[in-house]
K.L.:
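The structure is given below, and queries will be raised subsequently.
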Amino acid sequence: MPKLTTFPDPAAFAVGAAELIVEIAAAAVAARGRFTVALAGGGTPQPVYARLAAPAFAGRIAWDRTDVFFGDERCVPPDDERSNFRMAREALLAHVPLRPDGVHRIRGEDDPASAALAYEQELRRVFHRETVPALDLVCLGLGDNGHTASLFPGTASLHERERWMVPQYVEALASWRVTATAPLINAARHVVFLVAGAGKADVLARVLVGAYEPDVLPAQLVQPSRGEVRWLVDAAAAARLPSGFAGDREPR
Ligand code: 6PG
């Protein structure tokens, strides 16, 4: 069942999110000897990743037993300022002792269809399995139009039932993305949405308490079959939720 936690301000949000990621990582390493995580792109997670890289948190994750993946990528080279990999590398990955082969980036510089296929193969290789893997944690953001990862309203990728990663042309952005699909996201052990800022208040309320219309609000597709969803939000993003909703409780 999804749970929502509201933090009073952006700093508390970043610390709270970093704390939850550390907890999930520790539990995964204790249970299975490694931690597999898919990072979100966009701007919201950047301060969370920066916290994780800071001394107070960095020493609390077994980076040498961690495999870092990405939930989506913009189809640009890895040093482009729009690259999700670049953001994560600069905020976090370059500052912690990950194994060189512990970072699995989506090749945004390649043809999108080939990059999506290659990433599925990489997941198969790392997880040694042909069936959909259960990542320990998938971090997600929420776009102000209800998208998450690069699952955008009205696009074909929303209806994907087999593939784990797909290429998607996004008309509204006039650009290609490569995105994890609902089958991959919903196989995760934990999914954590990171949502901050007043610009997300309307869409957050629609996603959590509005009608179920995933073609319009793709974030509603996220319903892990066995795992749990946590929504970490700041007070500004929580402003349009019904009163009494902005605590630690189940949104649906
Ligand atoms: C991306 C994302 C995307 C993002 C949302 C929210 O590549 O842009 O992964 O799903 O999480 O668009 O982005 P912000 O955090 O920047 O608002």
K.L.:
Which heavy atom in A149 sits nearest to a heavy atom in G71, and how many Å separate them?
P.N.:
CB-O, 4.0 Å
K.L.:
Counting N and O atoms only, with roles assigned by atom type, does the side chain of N186 sit under 3.5 Å from a partner on the main chain of L221, one being a donor and the other an acceptor?
P.N.:
yes
K.L.:
Any chance CZ of R124 has more than 12 other-residue heavy atoms, nucleotides or ligands included, within less than 6.0 Å?
P.N.:
yes
K.L.:
Would you please classify the geometry between the F69 ring and the Y119 ring as parallel, tilted or perpendicular, with 30° and 60° separating the classes?
P.N.:
perpendicular
K.L.:
Could you tell me whether R82 atom CZ has more than 12 heavy atoms of other residues or ligands within 6.0 Å of it?
P.N.:
no
K.L.:
Do R99 and D64 sit within salt-bridge range, that is, some charged N less than 4.0 Å from a carboxylate O?
P.N.:
no
K.L.:
Do R163 and L184 come close enough that some side-chain heavy atom pair is under 4.5 Å?
P.N.:
no
K.L.:
To the closest 0.5 Å, what do you measure between CD (E90) and CD (Q46)?
P.N.:
9.0 Å
K.L.:
Testing the basics here: between A58 and W63, what is the closest heavy-atom pair and its distance to 0.1 Å?
P.N.:
O-NE1, 2.8 Å
K.L.:
Given side chain to side chain contact (heavy atoms under 4.5 Å, CB included), test L208 with L241 step by step and report yes or no.
P.N.:
CA-CA 8 Å; L208 291 180; L241 290 172; 4.2 Å; yes
K.L.:
To the nearest 0.5 Å, how far apart are CG in D215 and CZ in F152?
P.N.:
15.0 Å
K.L.:
Can you see whether F127 has R34 sitting over its ring - NZ or CZ less than 6.0 Å from the centre and within 45° of the normal?
P.N.:
yes
K.L.:
Output, in order, the C-alpha distance, side-chain angles, deciding distance and verdict of side chain to side chain contact (heavy atoms under 4.5 Å, CB included) for L217 and V203.
P.N.:
CA-CA 8 Å; L217 299 168; V203 71; 4.1 Å; yes
K.L.:
Counting only N and O atoms by type, is there a donor-acceptor contact under 3.5 Å from the side chain of N84 to the main-chain atoms of D72?
P.N.:
yes
K.L.:
State, to 0.1 Å, how close A88 and F70 come at their nearest heavy-atom pair, and which atoms those are.
P.N.:
CB-CE2, 3.7 Å
K.L.:
Answer yes or no for R105 and F85: cation-pi contact, defined as NZ/CZ to six-membered ring centre under 6.0 Å and angle to ring axis within 45°.
P.N.:
yes
K.L.:
Do L194 and V192 have side chains that approach each other closer than 4.5 Å (heavy atoms only, starting at C-beta)?
P.N.:
yes
K.L.:
Side-chain donor-acceptor contacts of residues 35-43 below 3.5 Å, not counting sequence neighbours, with atom names and distances?
P.N.:
residue, atom, partner, partner atom, Å
T36, OG1, D136, N, 3.0
T36, OG1, D136, OD2, 3.1

K.L.:
Testing the basics here: between R129 and T131, what is the closest heavy-atom pair and its distance to 0.1 Å?
P.N.:
NH2-OG1, 2.6 Å
K.L.:
Taking a hydrophobic cluster as the set of Ile, Leu, Val, Met, Phe, Trp and Tyr residues connected by side-chain heavy atoms closer than 4.5 Å, whether directly or through intermediates, do V209 and L232 fall within one such cluster?
P.N.:
yes
K.L.:
Can you confirm whether F13 sits close enough to V48 that some side-chain heavy atom of one is under 4.5 Å from a side-chain heavy atom of the other?
P.N.:
yes
K.L.:
Using a 4.5 Å cut-off on heavy atoms from C-beta on, say whether the side chain of R32 contacts that of R189.
P.N.:
yes
K.L.:
Look up atom CG in D67 and atom CD in E122, then write down how far apart they are to the nearest 0.5 Å.
P.N.:
9.0 Å
K.L.:
May I ask whether V216 and V195 are part of the same hydrophobic cluster, defined by side-chain heavy atoms of I, L, V, M, F, W, Y residues being less than 4.5 angstrom apart, directly or through others?
P.N.:
yes
K.L.:
Hey, what do you get for CD (Q121) to CE (M165), rounding to the nearest 0.5 Å?
P.N.:
12.5 Å
K.L.:
Nearest 0.5 Å please: distance from the CD1 atom of I24 over to the CG atom of L137.
P.N.:
4.5 Å
K.L.:
Check whether V103 and V76 end up in the same hydrophobic cluster, where Ile, Leu, Val, Met, Phe, Trp and Tyr are linked by side-chain heavy atoms less than 4.5 Å apart.
P.N.:
no
K.L.:
Any side-chain heavy-atom pair from T148 and V222 closer than 4.5 angstrom?
P.N.:
yes
K.L.:
Can you check whether E109's main-chain N or O pairs, donor with acceptor, with R107's side chain at less than 3.5 Å?
P.N.:
no
K.L.:
What closest approach, in Å, do P133 and A187 show between heavy atoms, and which atom pair accounts for it?
P.N.:
O-CB, 3.5 Å
K.L.:
Measure from the side-chain N and O atoms of K3 to the backbone N and O of W231, and report whether any donor-acceptor pair falls under 3.5 Å.
P.N.:
no
K.L.:
Considering only residues two or more places apart or on different chains, which pairs with a residue in residues 173-184 satisfy side chain to side chain donor-acceptor pair (under 3.5 Å)?
P.N.:
S150-R177
K.L.:
Measuring only between side-chain heavy atoms, which start at C-beta, is R74 closer than 4.5 Å to V178?
P.N.:
no
K.L.:
Any heavy-atom pair between the side chains of W164 and I185 that's under 4.5 Å?
P.N.:
no
K.L.:
Considering only NZ, NE, NH1 and NH2 on the basic side and carboxylate oxygens on the acidic side, decide whether E19 and R60 come within less than 4.0 Å.
P.N.:
yes
K.L.:
Y212, V191: one ILVMFWY side-chain cluster at the under-4.5 Å cut-off?
P.N.:
yes
K.L.:
Do S83 and E73 have side chains that get closer than 4.5 Å, going by heavy atoms?
P.N.:
yes
K.L.:
Between D234 (side chain) and G197 (backbone), is there a donor-acceptor pair under 3.5 Å?
P.N.:
yes
K.L.:
Do Y169 and L158 belong together in a cluster built from hydrophobic side chains that touch within less than 4.5 Å?
P.N.:
no
K.L.:
Yes or no on side chain to side chain contact (heavy atoms under 4.5 Å, CB included) for T5 and V233, after CA distance, side-chain angles and deciding distance?
P.N.:
CA-CA 6 Å; T5 305; V233 308; over 6 Å; no
K.L.:
Do you know the tightest heavy-atom contact between H147 and P153?
P.N.:
CB-CD, 4.1 Å
K.L.:
For P218, is there any backbone N or O sitting under 3.5 Å from a side-chain donor or acceptor partner on E213?
P.N.:
no
K.L.:
Once rounded to the nearest 0.5 Å, what's the spacing between atom CD1 of I61 and atom CG of L98?
P.N.:
9.0 Å
K.L.:
Check step by step if side chain to side chain contact (heavy atoms under 4.5 Å, CB included) holds for H104 and V68.
P.N.:
CA-CA 6 Å; H104 311 272; V68 176; 5.6 Å; no
